[in-house]
Amino acid sequence: MKRLLSGLRPTGKIHIGNLYGALSNWVKLQEEYRCFYEVADWHALTTAYQDTSNLRSLIKETVIDWISVGIDPEKSVLFVQSEVKEHAELHLLFSMLVTVSRLERNPTLKEMVRDMELQEQVSYGLLGYPVLQAADILIYRPDVVPIGEDQRAHLELTREIARRFNHLYGKVFPEPEPIFSSFPKVPGIDRRKMSKSYGNAIFVADEPDEIKKKVMQAFTDPEKIKKNDPGHPEGCVVFAYHQIFNPGVSELEKECKRGNIGCVACKKRCAELMAKALEPYREKRRELEREDIEGILREGARRARVVAGETMEMVREAMRLW
Ligand code: TRP
């Protein structure tokens with residue numbers, strides 16, 4: 001079976017944008033590939049290193065969410081980055097193969113500096129973020145890496161590092177290909193990109209009344225004021241949700257355009273369908289709260305270490321290290 005690696009930082013509860021963007025793809029890919037799914041806790045430290053008091057609980061929440069939506073820890077290797085120390089060793093070796101100016105050109109870093117106003121506060125660790133990511137990926141010598149569009153530049157650097165290493169010391173690494181999810185972006189209830197930090201997210205673990213409250217507040221067609229005004233589903237957030245959760249969406253689209261349904265009724269229908277679709281995940285989550293998550297992660301790390309250990313043997317041999 002071909003190998004696959006992907007990861008996310010442990011930012012806590014996942015929202016429906018994460019679910020229909022990355023995670024549902026991860027779940028499907030388990031059938032086709034031998035998958036390694038990583039909780040990138042060291043990456044989380046590159047920006048949130050000052051207060052680490054809730055890091056452990058964030059990791060646990062993240063893992064519970066992943067398993068509840070269908071990541072199967074028996075099929076896939078599900079692990080926490082910091083439990084596989086080999087990543088740190090490979091990161092150190094890779095750090096010799098990249099120039100500082102190459103890292104300073106990283107568009108994701110530039111964006112972060114701008115959005116978070118970091119300017120003079122970029123740490124050595126944050127600059128090296130994509131080098132650590134390259135180590136995460138290449139240590140499993142995967143064929144493919146499912147990622148979002150925002151990670152494209154990081155994978156490009158990963159491939160450069162693999163090429164450079166192979167050129168200098170002999171071929172150890174593949175140049176993994178990205179897999180981009182084809183699912184359109186899910187908007188937040190205020191129409192911006194769905195993001196936890198914007199406060200516009202619907203979480204997979206939200207209870208039905210919470211879902212209803214959020215959907216009722218969601219942005220709709222500003223030109224549809226009265227119930228019978230014809231609507232314009234294109235820019236409507238609630239319509240975007242119907243496209244995910246409502247099998248009868250094309251009928252609804254006609255009703256809306258003809259002015260046969262008002263926004264309130266449309267939102268209610270949406271909230272009900274969403275709550276129903278997410279119910280199995282909430283159920284699974286309740287079960288998981290009683291499970292030994294740490295045990296699952298320990299076992300995942302053990303399996304990850306087998307492959308990571310093999311790669312490091314090859315690396316030390318190729319580099320003539322002691
Ligand atoms: N940088 C990724 C993100 O923010 C997380 C990540 C860390 C990752 N290591 C990875 C993604 C390896 C893919 C492969 O989403």
Side-chain angles (χ1 to χ4, degrees), residues 2-15 17-26 29-30 33-49 55 58-59 62-63 65-66 71 76-88 90-91 94-95 98 103 106-113 115-116 125-162 173-181 183 185 193-197 300-301 304 307-308 311:
K2 286 189 170 183
R3 273 204 294 242
L4 171 158
L5 174 122
S6 197
L8 284 171
R9 282 166 295 167
T11 49
K13 287 194 297 182
I14 57 164
H15 53 64
N18 304 134
L19 177 58
Y20 295 97
L23 280 161
S24 61
N25 213 19
W26 287 13
L29 290 163
Q30 294 183 114
Y33 294 91
R34 174 160 167 69
C35 297
F36 294 79
Y37 291 127
E38 164 195 277
V39 181
D41 59 339
W42 281 338
H43 277 108
L45 291 181
T46 60
T47 50
Y49 58 91
L55 189 57
L58 284 175
I59 292 171
T62 303
V63 170
D65 266 337
W66 289 7
I71 302 295
S76 299
V77 180
L78 174 52
F79 67 99
V80 179
Q81 181 184 36
S82 64
E83 268 201 274
V84 185
K85 313 296 179 202
E86 286 82 352
H87 291 221
L90 189 57
H91 167 248
F94 281 172
S95 71
V98 199
L103 294 173
N106 170 18
T108 315
L109 179 72
K110 285 189 186 163
E111 230 170 75
M112 267 191 178
V113 170
D115 293 350
M116 301 169 71
L126 181 60
L127 184 67
Y129 185 114
V131 185
L132 180 58
Q133 186 163 342
D136 288 349
I137 295 171
L138 293 174
I139 208 162
Y140 300 100
R141 288 171 282 129
D143 300 280
V144 294
V145 185
I147 43 173
E149 206 40 63
D150 61 326
Q151 300 295 313
R152 187 188 280 275
H154 289 163
L155 193 70
E156 202 34 64
L157 185 74
T158 299
R159 292 164 54 96
E160 279 173 43
I161 291 176
F173 296 109
E175 282 181 43
E177 298 289 338
I179 297 180
F180 294 108
S181 144
F183 215 87
K185 282 251 176 300
K193 173 178 179 251
M194 186 173 286
S195 160
K196 197 171 176 184
S197 53
V307 181
T311 305

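Start at 1 and go down the list; that is how both ligands and their atoms are numbered.
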Novice: Among H87, R3, R34, which residue satisfies the side chain to side chain donor-acceptor pair (under 3.5 Å) criterion with Y140?
Specialist: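 Result for side chain to side chain donor-acceptor pair (under 3.5 Å) with Y140: H87.
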Novice: Near K185 NZ, under 6.0 Å, is it more than 12 heavy atoms from other residues, nucleotides or ligands?
Specialist: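 No - once you tally the heavy atoms of other residues, nucleotides and ligands closer than 6.0 Å, there are 12 at most.
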Novice: Looking at V77, I137, L4, which one forms a side chain to side chain contact (heavy atoms under 4.5 Å, CB included) with F36?
Specialist: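 Among V77, I137, L4, the one that satisfies the side chain to side chain contact (heavy atoms under 4.5 Å, CB included) with F36 is V77.
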Novice: Do the side chains of L126 and M112 get nearer than 4.5 Å, heavy atoms only?
Specialist: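 A side-chain contact under 4.5 Å exists here.
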Novice: Using a 4.0 angstrom limit on heavy atoms, which residues are close to ligand 1?
Specialist: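 Correct list: L5, S6, G7, L8, R9, E38, A40, H43, Y129, Q133, D136, I137, I147, Q151.
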Novice: Can any side-chain N or O of S195 pair as donor or acceptor with the backbone N or O of S197 at less than 3.5 Å?
Specialist: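 Indeed, once roles are kept as given, a pair shorter than 3.5 Å links the two residues.
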Novice: Checking the side chain of S82 only, and the main-chain atoms of D41 only, is there a donor and an acceptor separated by less than 3.5 Å?
Specialist: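 Here the side-chain-to-backbone pair does not exist.
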